[in-house]
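Both counts, for ligands and for their atoms, begin at 1 and track the order of listing. Excluded from the calculations below are hydrogen atoms, water molecules and symmetry mates; all remaining heavy atoms, backbone and side chain alike, are included.
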Amino acid sequence: MTSYLRLGINIDHVATIRNARGGSHPDPIRAACMAVSAGADSIVVHLREDRRHISDLDLVRLTDVIQKPITLEMAATNEMLDIALRHTPDTVCIVPENRLERTTEGGLDVISKIDHLSGITKSLREKGIKVSLFIEPNINQINAAKSIGATAVELHTGAYCDSVTYHHKNNSEQLIEMISEAAMHGSSLDLDIHAGHGITYESVGKVASISSIIELNIGHFIIGESIYIGLENSIKHMRFLINKSRESSKD
Ligand code: PXP
């Protein structure tokens with residue numbers, strides 16, 4: 001039977017809007033509470049080195065208020081490691097971070113940074129924090145993630161989702177196949193398989209139909225859509241599309 005697909009809601013861009021004026025409105029923690037009541041299974045935040053959206057104080061408030069699991073996305077730096085060890089989120093998702101990028105552009109190269117990532121993963125695991133590595137759907141990166149003791153990999157869906165948005169049909173068939181094969185491979189190694197980045201109502205269906213994926217993490221589109229239909233409706237509609245896709249792909 002196909003497993004339940006968890007939905008993590010990333011609230012970073014509520015903070016982006018708040019920070020545009022430097023005040024306290026809109027409050028990302030209020031949005032996190034609404035996301036939980038709309039059915040989010042976890043709340044995701046990316047504490048960036050330049051603090052362009054979520055702040056350290058947001059993270060403190062979030063861990064105080066939210067009862068659902070929190071995923072902290074962070075770069076593999078000593079500063080972030082100290083913060084994670086202090087706040088002990090349920091999961092840390094290690095992402096590559098480039099100061100000048102608008103958003104996380106590609107997956108982590110686990111192979112070339114294996115010693116560094118191995119040390120960070122070990123410190124987090126010793127504190128009981130699950131570790132997910134945000135990678136491209138690539139078998140060698142998955143094997144490397146497994147070898148350093150990660151609990152999960154999050155497969156980067158950005159290229160696939162862009163191909164759907166821009167109607168590059170041939171490309172999108174090939175890209176979803178790569179995600180599906182990578183997910184199956186990771187699952188066969190007993191890694192938890194997550195996926196995310198760039199997911200929209202239009203692209204969620206095929207990703208959600210991959211039965212070895214157990215969690216999707218979605219932010220920008222949901223927050224954007226909430227301008228038109230409200231945050232709760234925006235999340236509920238995504239949940240509806242996920243369930244519909246999961247149901248129709250039952251083996
Ligand atoms: N997963 C990871 C690891 C990310 O870095 C992001 C973006 O912060 C997301 C998921 C969510 O991507 P989006 O905001 O495009 O839905």
Side-chain angles (χ1 to χ4, degrees), residues 5-17 19 28 31-32 35 40-54 58-59 62 69-76 80 84 89-99 101-110 117 130-138 141-142 145 150-166 179 182-183 186 191-204 207-208 213-227 231 234-235 237-239 241-242:
L5 182 52
R6 295 199 305 254
L7 174 60
I9 297 295
N10 181 316
I11 53 157
D12 288 344
H13 295 301
V14 178
T16 307
I17 298 171
N19 297 352
D41 297 293
S42 56
I43 296 297
V44 186
V45 287
H46 183 177
L47 187 67
R48 277 188 170 263
E49 193 187 1
D50 62 10
R51 308 299 197 271
R52 69 176 72 157
H53 31 63
I54 290 299
D58 291 330
L59 184 60
L62 202 61
I70 290 170
T71 296
L72 172 64
E73 294 176 359
M74 58 171 231
M80 289 300 154
D90 181 74
T91 302
V92 160
C93 179
I94 304 180
V95 300
E97 205 173 292
N98 165 2
R99 245 170 223 251
E101 69 189 356
R102 273 203 205 149
T103 179
T104 315
E105 281 165 354
L108 205 55
D109 185 355
V110 185
L117 290 172
K130 293 182 216 141
V131 178
S132 171
L133 303 181
F134 187 47
I135 57 172
E136 297 295 329
N138 172 295
Q141 297 292 350
I142 293 173
T151 32
V153 287
E154 179 162 332
L155 302 176
H156 198 311
T157 52
Y160 167 68
C161 294
D162 282 352
S163 75
V164 172
T165 301
Y166 300 110
I179 294 171
L191 285 163
D192 284 349
I193 311 298
H194 305 170
H197 211 281
I199 293 176
T200 64
Y201 291 155
E202 201 183 359
S203 52
V204 73
V207 180
I213 296 178
I214 62 164
E215 178 175 301
L216 297 184
N217 291 309
I218 311 180
H220 185 268
F221 180 84
I222 286 199
I223 302 304
E225 196 61 15
S226 71
I227 292 170
L231 183 57
S234 160
I235 293 170
H237 190 60
M238 189 62 87
R239 180 81 255 172
L241 294 173
I242 290 171

Residue set satisfying side-chain hydrogen bond (donor to acceptor under 3.5 Å, both in side chains) with Asp109, at least two apart, ordered chain then number -> Ser112, Gln141

Using only atom types and a distance under 3.5 Å, with no angle test, would you say the side chain of Asn217 pairs donor to acceptor with the backbone of Gly196? no

Can you sort out which atoms of ligand 1 are near [X], meaning under 4.0 Å from one of its heavy atoms?
X      : result
Asn10  : 8 (O)
His220 : 13 (P), 14 (O), 16 (O)
Val95  : 3 (C)
Gly198 : 12 (O), 13 (P), 15 (O), 16 (O)

Candidates Arg48, His46, His197; heavy atom nearest atom 6 (C) of ligand 1 found on His197

| task | For ligand 1, find out whether one of its N or O atoms is nearer than 3.5 Å to an N or O atom of Glu73. | result | yes

inquiry  = If you measure every N or O of Gly219 against every N or O of ligand 1, does any of those distances drop under 3.5 Å?
reply    = yes

Partner of Lys130 under side-chain hydrogen bond (donor to acceptor under 3.5 Å, both in side chains), picked from Asp192, Thr151, Asp90, is Asp90

Going by the 4.0 angstrom heavy-atom rule, the piece of His13 near ligand 1 is neither

Residue set satisfying ring-ring contact (aromatic ring centres under 6.0 Å, His included) with His220, at least two apart, ordered chain then number -> His13

d(Ile193 CD1, Ile214 CD1) to nearest 0.5 Å is 8.0 Å

Residues Thr71 and Cys93: closest non-hydrogen pair is CG2-CB, 4.0 Å

